[in-house]
Structures are given as structure tokens and as C-alpha cells.
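So the structure is just underneath, and the comments pick up after that.
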Protein chains: 2
Amino acid sequence: MGTNGADALSALADPTRRAIFECLARGPKAVGLLAEQLPVSRPAVSQHLRVLKDAGLVTDQADGTRRVYRIDRRGVDAIHAYLDQMWGRALRSFQETAERLAAQEQNGPPEGDRREEERP
Amino acid sequence: MGTNGADALSALADPTRRAIFECLARGPKAVGLLAEQLPVSRPAVSQHLRVLKDAGLVTDQADGTRRVYRIDRRGVDAIHAYLDQMWGRALRSFQETAERLAAQEQNGPPEGDRREEERP
DNA sequence: ACGAACCGTAAGTCTGTACTTACCGACTCT
DNA sequence: AGAGTCGGTAAGTACAGACTTACGGTTCGT
């Protein structure tokens, strides 16, 4: 819980949660103020904030009876890291198959020339 | 449809879909081969691939009776762009409030010193 | 041309979850 | 201390969507 790309990803999947996230990106806000600008009830906002907090996307801070929420960079970074990892894997895979094809061509011209994807 | 951060985000929210995405990151694969390595049926994989394709996260290419899927950079970039936009907003907001606080301090020492978040 | 392989779609079921109302604790100010 | 404000939690409902089986269309090999 916290700095996990998968959790952050699924947290930002819900439209209402994205709306909350985008609203907090414009500046820190208290829960009630957040609920006023959204088409859902205050308890719903609380529940969403819980999910966003568990995903490391927001942090909360007490201010009297209010709780002020703001965006947390950790969750954002976690998603970035996840995507970079995946895309890096894909790039390495592309390079590998390219090298394999080049080596194949050097030896002998292939006859049963199937396409180049993984075979178990 | 295609290069939208929100769609790509919610597409990668499902665990099975993430598994498919991660599997394709290791290299392009056909649908049946993909289904063998996953705990769900082949039609389920087809439906997930449809969602991933609509989100711009994968592309498909016919190869005889098979369809080979591979990762598409556009969806990944869309998510990156969305997150960067949000975090950029947050940074600008931080800077604004910091400047406002500095100006406030220069004029007169604040008395009713409430915390600095947005008031409607 | 016929059978086989591969894949997408249709229809139906069932679980997860987003939402509501109701309730209760924490903090503030007079 | 008591009234008022703010916010998290509980319980219950309703809808989205993930999965299955069954079916049909397309392409390849013999």
C-alpha cells in the first residue's frame, strides 16, 4: 500500500476519483469544499479520498475540525515508473528480435518465413 | 477515442488487463497464445484486447488466421501527459500561494492567520 | 472443396463497488 | 458546558463490467 503503480492506476480509473484528483491539482482543499463542487455526497468523497490516500496519490492534514487534502507526488511517480518499466521491456524485446532477424539473414535466407513473434 | 489519458488509465485498472499488457510488453503475441498464459478464457482475452485497443494501448495486426497484438506507445504517452498536466497544475498552485503569502507578509503581519487553502 | 485452426461477438450470470442515508466522534467558540 | 461544524464509518442498494458458454466468420492446408 502506498507506492504501488497498480494501486495508483486502479485508483485513478474511477471518473469521480479523477475529478477529485483534478480538483486537488488546482490547489489543496477540505473535504466539504470538495464535495460542494462535485455531483456526489460528502461521504462518497470521503470514501474516494480514502482510496486515493491508500494509493499514495493524496495526503491529508488536520486543520481544526477540517481535513485538508492535497496531491501527493509519490503515487504519480509510481505510475510513471510502472509505465516506463513496461515500455522499456517492449523496447528491449523489439531490439532482441531485430538482432535475431539480422543474425538469421546473415546465415541463410529463410524459407519457411513465419512472422517474428514468440513461440512457447 | 484512442489517445485519451482517462481511457488509458481506466483500461489499465483491471488486473487481468494489466497482466495482458505486461505479457505483451515482453513481446508481441497472438490471442490464443496469450490466453494460454492467463487464468481466463480466450473470449475474455479478446474482450480485454478490445478495451486496450480502444484506449490506444495496443495495436493488432493480422497474420493468416491469427491476430498478433503488440504494445502501442500512444496510450502510454497519453497517461504520461495526463499525469504531467496534473502535477504541473499542482506545482503552479503551490507557487501561487507561496507568492501570495510572501506579498501578504510584506504588507502587514497577518492576524487572523488561517491556513492557506482555497476559499470559494 | 472440406476440415481444421484461430478469433471475434452474443447472450446471460454474478461479483465488485460506487452511492445513498443514518449515525457518531472530534474540534471550536461563546 | 453546550451548540455548531466538520468529517469518517456502517449498512444497504443498485448498477457496471468481468467472465463463461455457444455460435459464426475468415483463413490455411490437403
- Message: Nearest whole Å is fine: how far is C/dT17 C1' from A/Leu52 CG?
- Response: 15 Å

- Residue pair A/Ala25 / B/Met86: nearest heavy atoms and the distance that separates them: CB-O, 3.6 Å

- note: B/Leu49, atom CG; C/dT9, atom P; distance rounded to Å ~ 11 Å

- Item | Gap between atoms CG and P, on B/Leu38 and C/dC7 respectively (whole Å) | 13 Å

- Item | Exercise: identify the closest heavy-atom pair between B/Gln37 and B/Cys23 | NE2-SG, 3.5 Å

- Using five base pairs at each end, measure the axis-to-axis angle across the helix from C/dA1-D/dT30 to C/dT30-D/dA1 and round it to 10 degrees. 30°

- Within this structure, what is the CZ-to-P distance between A/Arg50 and C/dT17, rounded to whole angstrom? 15 Å

- Integer-rounded Å distance: C/dG8 P and B/Leu34 CG: 10 Å

- Roughly how far, to the nearest 0.5 Å, is CD1 of A/Ile71 from CZ of B/Phe94? 7.5 Å

- Query: Which heavy atom of B/Ala8 sits nearest a heavy atom of B/Ala55, and at what distance?
  - Reply: CA-CB, 3.8 Å

- Message: Are A/Leu57 and B/Trp87 linked, directly or through intermediate hydrophobic residues, by side-chain heavy-atom contacts shorter than 4.5 Å (ILVMFWY only)?
- Response: yes

- Which heavy-atom pair separates A/Ala78 from A/Asn4 by the least distance, and what is that distance? CB-C, 4.0 Å

- Message: Strictly under 4.0 angstrom, non-hydrogen atoms only: write out the protein contact profile of nucleotides 18-30 of chain D, one letter per nucleotide from the 5' end, B, S or -.
- Response: SBBBB----BS--

- Item | The single option from A/Val58, A/Val51, A/Leu38 passing side chain to side chain contact (heavy atoms under 4.5 Å, CB included) against A/Ile20 | A/Leu38

- Nucleotide nearest A/Arg66 when distance is taken to its side chain, options D/dC6, D/dG8, C/dG8: D/dC6

- In whole Å, what is the span from the CD atom of A/Gln61 to the C1' atom of D/dG8? 18 Å

- Task: Rounded to the nearest angstrom, tell me the gap between atom NZ in A/Lys29 and atom C1' in D/dC6.
- Result: 18 Å

- Query: Which atom names give the shortest non-hydrogen contact between A/Arg18 and A/Ala13, and what distance separates them?
  - Reply: NH1-O, 3.0 Å

- Query: Between A/Ala11 and A/Arg17, what is the shortest heavy-atom contact and its length?
  - Reply: O-NE, 2.8 Å

- Task: Measure the distance from CG on A/Asp60 to C1' on C/dC27 and round it to the nearest whole Å.
- Result: 16 Å

- Side-chain N or O of A/Tyr69 closer than 4.0 Å to phosphate OP1/OP2 of D/dG8: yes

